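Encoded as structure tokens, the structure appears first; notes follow it.
Throughout, residue positions are numbered sequentially from 1 according to the sequence presented. Computed from a predicted structure; not experimentally measured. Counting convention: from 1, in listed order, for ligands and their atoms alike.
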Amino acid sequence: MPHAIPDAVIPHRRTAYRPDVVEGDDDPKASKLGGTPWLPEGTTHPVCPNCNHPMPLLLQLDVATLPDPARYGGTGLLQLFYCTNAEPLCEVDCEAFFPNAKSVVARRVDSTTKGAASAVEGERFEAKRIVGWEATDDYPNWEEGEELGITGLDDATIDALGEDWPLTGEKLAGWPAWVQGIEYPECTECGEPQALVFQIDSEGLLDYGWGDMGVAHLTQCSAHPDHLSFGWACG
Ligand SMILES: [Zn+2]
Ligand SMILES: [Zn+2]
């Protein structure tokens, strides 16, 4: 049973969307975690510049099918690639927890042109196709709430809210479950903080851990939808 939401917090409710997934990778352009990306003609499967291995796909989202708050740009496929090589340990060499690391590619590609599923051999995460989204309420963490002007809550209430919110696990939109401080990357075009598109938890739908049970976030500028970032933090 979730704790009651104080009146001061209610106006900051957002809708987050939990992905419903099925195993399998039969549709190359589908929204999915893991599996094989779809590549427009002329666009290559990203290769890690640190180890020269193809990067596995973590996430692909078909923008036009997403619930409204995360449909920035309206079309295309969002693709997130992340080098998981352990030898060398690219995640550490490239400081892949920070946005814009060179062992990470977060991009939007045109899905209306000719193209095909990537034929590149390499590491793959087990494919989980997203077949639907379940809407659920989400609320900010306390530090973010303070920045929004929420005051006057006692410690017990703050602790209780923190047990329920923001939602952990995988979700589209909503409020980021920050493990350290608030870390919205800035758009390199306009300098504005990017919006949360998708949160990936440790050992959830993807068989991967962000450091010691950290949480990762794919973010995007709402005004410049080709500017995406990815970062993670752990305790
Ligand atoms: Zn690498
Ligand atoms: Zn921007």
Side-chain angles (χ1 to χ4, degrees), residues 14 33-37 39 43-61 63-64 66-110 118-127 144 147-148 172-176 178 182-200 202-203 206-212 214 216-234:
R14 283 182 181 167
L33 291 127
T36 299
L39 300 177
T43 299
T44 55
H45 189 125
V47 171
C48 174
N50 196 53
C51 68
N52 296 316
H53 286 83
M55 299 183 197
L57 179 77
L58 296 189
L59 177 71
Q60 175 172 281
L61 294 174
V63 176
L66 300 179
D68 187 39
R71 210 187 297 145
Y72 306 115
T75 61
L77 294 177
L78 302 190
Q79 297 182 330
L80 173 62
F81 298 87
Y82 188 93
C83 185
T84 58
N85 202 350
E87 193 88 32
L89 187 52
C90 295
E91 180 170 89
V92 171
D93 289 356
C94 302
E95 300 187 319
F97 27 87
F98 290 134
N100 309 316
K102 63 182 183 179
S103 65
V104 181
V105 169
R107 68 186 184 187
R108 184 168 73 118
V109 299
D110 185 357
S118 173
V120 167
E121 301 280 336
E123 288 288 316
R124 295 263 195 291
F125 283 94
E126 185 187 0
E144 194 150 15
E147 288 194 357
L148 295 164
L172 184 86
W175 289 98
W178 303 117
I182 300 168
E183 297 178 299
Y184 290 104
E186 289 173 1
C187 172
T188 53
E189 180 97 17
C190 68
E192 290 296 314
Q194 295 186 341
L196 173 65
V197 174
F198 199 86
Q199 172 174 292
I200 306 176
S202 285
E203 309 298 348
L206 276 181
D207 182 19
Y208 197 73
W210 309 108
D212 182 14
H217 296 104
L218 176 68
T219 54
Q220 185 178 25
C221 180
S222 57
H224 303 101
D226 289 328
H227 287 260
L228 292 130
S229 299
F230 181 73
W232 58 266
C234 65

* To the nearest 10 degrees, could you say what angle the Zn ion (ligand 1) makes with SG of C48 and SG of C90? => 110°
* **the Zn ion (ligand 2) reached by H224 (N, O or S, under 2.8 Å)** => yes
* Asked: Would C83 count as a contact for the Zn ion (ligand 1), in the sense that one of its N, O or S atoms lies under 2.8 Å from it?
  -> yes
* Structure fact -> Taking the Zn ion (ligand 2) as the apex, SG on C187 and SG on C190 give an angle, to 10°, of 110°
* Between L39 and V120, is any pair of side-chain heavy atoms under 4.5 Å apart? -> no
* Asked: Looking just at side-chain N and O atoms, do W175 and E144 make a donor-acceptor pair shorter than 3.5 Å?
  -> no
* May I ask you to test the T188-H227 pair for a side-chain heavy-atom distance under 4.5 Å? => yes
* Asked: Any N/O/S of H53 under 2.8 Å from the Zn ion (ligand 1)?
  -> no
* To do: Please name the residue in the list F97, F198, W210 that meets the ring pair (Phe, Tyr, Trp, His ring centres under 6.0 Å) test with F230.
  => W210
* Taking atom CD of E121 as the centre, does the number of heavy atoms from other residues, nucleotides or ligands within less than 6.0 Å exceed 12? -> no
